[in-house]
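One structure is given here, and the rest of the page talks about it.
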Number of protein chains: 2
Amino acid sequence: MSTIFIPKHIHPTYSNTVFNDCLLFHDMTPHELDRLENYAEQSKCEEGEYLFRQDTPADFVYNVISGSVAIERIFTNGRRQIIGFLFPGDFIGLTHSPNYDCAVRCLTKVEFYKFSRKRLNTLSEEVGHLKQNMEQIKSAIFSRVMEQLYVLGQKKALERLCFLFMQLLERLPGARADRVELYMSRQDMADYLGLTIETVSRCLAKLKSDGLVAFPKLNHLQILNLPAVSELAEC
Amino acid sequence: MSTIFIPKHIHPTYSNTVFNDCLLFHDMTPHELDRLENYAEQSKCEEGEYLFRQDTPADFVYNVISGSVAIERIFTNGRRQIIGFLFPGDFIGLTHSPNYDCAVRCLTKVEFYKFSRKRLNTLSEEVGHLKQNMEQIKSAIFSRVMEQLYVLGQKKALERLCFLFMQLLERLPGARADRVELYMSRQDMADYLGLTIETVSRCLAKLKSDGLVAFPKLNHLQILNLPAVSELAEC
DNA sequence: GAAAAATATTGATAAATATCAAAAACAGAG
DNA sequence: CTCTGTTTTTGATATTTATCAATATTTTTC
């Protein structure tokens, strides 16, 4: 598996124990959660910084507490493709390879928990739920990447953007149709969707003039006509 | 994880035990291989038939002995995206989800080994190598899918075709630059590369007229200028 | 082996997107 | 608040790819 962990995630409540409600730690007993908590180290990273770089030792697994990151893959010719965006609750780094095969860049200030991958693996041998949950997360991630293949292979620019919007609406904790915060730049959107920044900009203009969306602020998206945007995204 | 298993694979020699040299069964003792052999059931499937369909119970893992298959994913609107092609030595069906998330269609007559997924999982608990190898295969597959994201997101039609050719050259057992058998139709190539059949056809014509490739027969590709094709594929 | 069916190629044109260039909007520093 | 640098938008045009239609080739059937 890879470094990317993008589970379909219901926003965790970190109230009691830091891991409650989090998909990876679902169904675990209080005792098990306590043990896990001992393994976690909380830390943070500033906007623009990298959590880790491609081809460096994959020693840690991360769980995003707050903020957003972009998963980037650099290719031989130096160009990059953004593989996905991750948000609070999402996991990063559950790869099997010795090195990370992607880089992770912070789009905002990011708070996260950091686990030793080795320890997490050891623990997963002992705690049945943990292991099963890890597998489930991987399944979900792979499923999402396959959907993205379809998006890049078959959809038009406008549809790709709507797809991104729907994805953000579903995955950003606290997002509502009238308030979706876009943490990434237009260039990031372009690199994610396989478009140029100009095409992204023009599609946004079109969606605006058609009354499907509005931008009270540059990075604050309002979806005015959800059925229409959803329809374009599915198509 | 998903149903797709596309290990970077050195053609297995099925001479002594059927599993020798096969990535999944690498480093296993003769005793372990014997045990595994008991779990395998050999079978075959005709061209055009499906090994399995999307959203059906994922009860078996397959290992291709001979022939080629296409991994297809059908989306809500009924359109399909080909996720990848599999060849001798490749594994299919090592998903974690209860159902397959892709369909597998035979491009040719296909011979394969069939394992009960449950049994394979049980065995992987006991045989360290097996489990590790399974993880490694998944890593490789995921890595490949990410590369494909880049291909669909960034490359032009001509480059995508060259990418496919290089992939076939590397992965088809026995393929050489002057003899790459294309088991898929032009439509399959198009659905894999996110193009139309006409664009595929025109790109082939261009590559031919530029002297980079030749087609002694419709599905028999000769790469005449390997550096040039490789260059286009990387780019 | 000839006819029919399926698949692939080619042509003309339209649509979508990229490219290059300039203007506008925005964000941060002082 | 104003200046400066960056990001975004818009405009004009070129390139790429899709679409629709016709022809050619290959495969299948009898």
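Proteins come first, then strands; the chains are lettered A, B, ... in the order of their sequence lines, and each starts at number 1.
Residue Glu198(A) places its side chain closer to dA21(C) than to any other of dA21(C), dT17(C), dT17(D). Listed candidates were dT9(D), dA18(D), dA8(C). Nearest to the side chain of Ile197(A) is dT9(D). Which of dT8(D), dT10(C), dT9(C) sits closest to the side chain of Arg186(A) comes down to dT8(D). Here dT9(D) is the nucleotide among dT8(D), dT10(C), dT9(D) with the atom lying nearest to any side-chain atom of Lys208(A).
For Gly194(A) and Lys217(A), each mapped to the nucleotide of DNA chain C holding its nearest heavy atom, the one lying further toward the 5' end belongs to Gly194(A). Along DNA chain C, the nucleotide closest to Leu218(A) and the one closest to Lys155(A) are compared, and the more 5′ of them pairs with Lys155(A). When the nearest nucleotides of DNA chain D are assigned to Glu47(B) and Leu195(B) by heavy-atom distance, the more 5′-ward of the two goes with Leu195(B). With the nearest nucleotide of DNA chain D identified for both Val200(A) and Lys156(A), Val200(A) has the one nearer the 5' end.
A salt bridge does not link Asp59(B) to Lys114(B): none of the charged nitrogens lies less than 4.0 Å from a carboxylate oxygen.
Ring orientation note: the planes of Phe215(A) and Phe165(A) are nearly perpendicular, at an angle over 60° on the 30°/60° scale. Ring orientation note: the planes of Tyr62(A) and Tyr100(A) are tilted relative to one another, at an angle of 30° to 60°.
For the residue pair Arg73(A)/Ser143(B), the side-chain donor-acceptor check at 3.5 Å is satisfied.
Enclosure of atom CD in Glu231(A) is not indicated, since only 12 or fewer non-hydrogen atoms of other residues, nucleotides or ligands lie within 6.0 angstrom.
The nearest whole Å value for the distance from the CD atom in Gln154(B) to the P atom in dT16(D) is 16 Å. One interatomic measurement links the two molecules: CG of Asp191(B) to P of dA8(C), which rounds to 12 Å at whole-angstrom precision. At whole-Å resolution of the value, NE2 in His220(B) and P in dT27(D) are 14 Å apart. Atom C1' of nucleotide dT16(D) and atom CZ of Arg160(B) are separated by 11 Å, given to the nearest angstrom. Residue Asp188(B) contributes atom CG, which lies 10 Å from atom P of dT7(C) at whole-angstrom precision. Counting to the nearest Å, the P atom of dA18(C) and the CD atom of Gln187(A) are 11 Å from each other. Look at CG on Leu221(B): it is 15 Å from P on dA8(C), rounded to the nearest Å. Summarising the geometry, the separation between CG on Leu204(A) and C1' on dT17(C) is reported as 15 Å, rounded to the nearest angstrom.
Taking 3.5 Å as the limit, the base of dT19(C) and the side chain of Arg202(A) contain a donor-acceptor pair of atoms between them.
The side chain of Thr199(A) contributes no N or O atom lying less than 4.0 Å from OP1 or OP2 of dT17(C).
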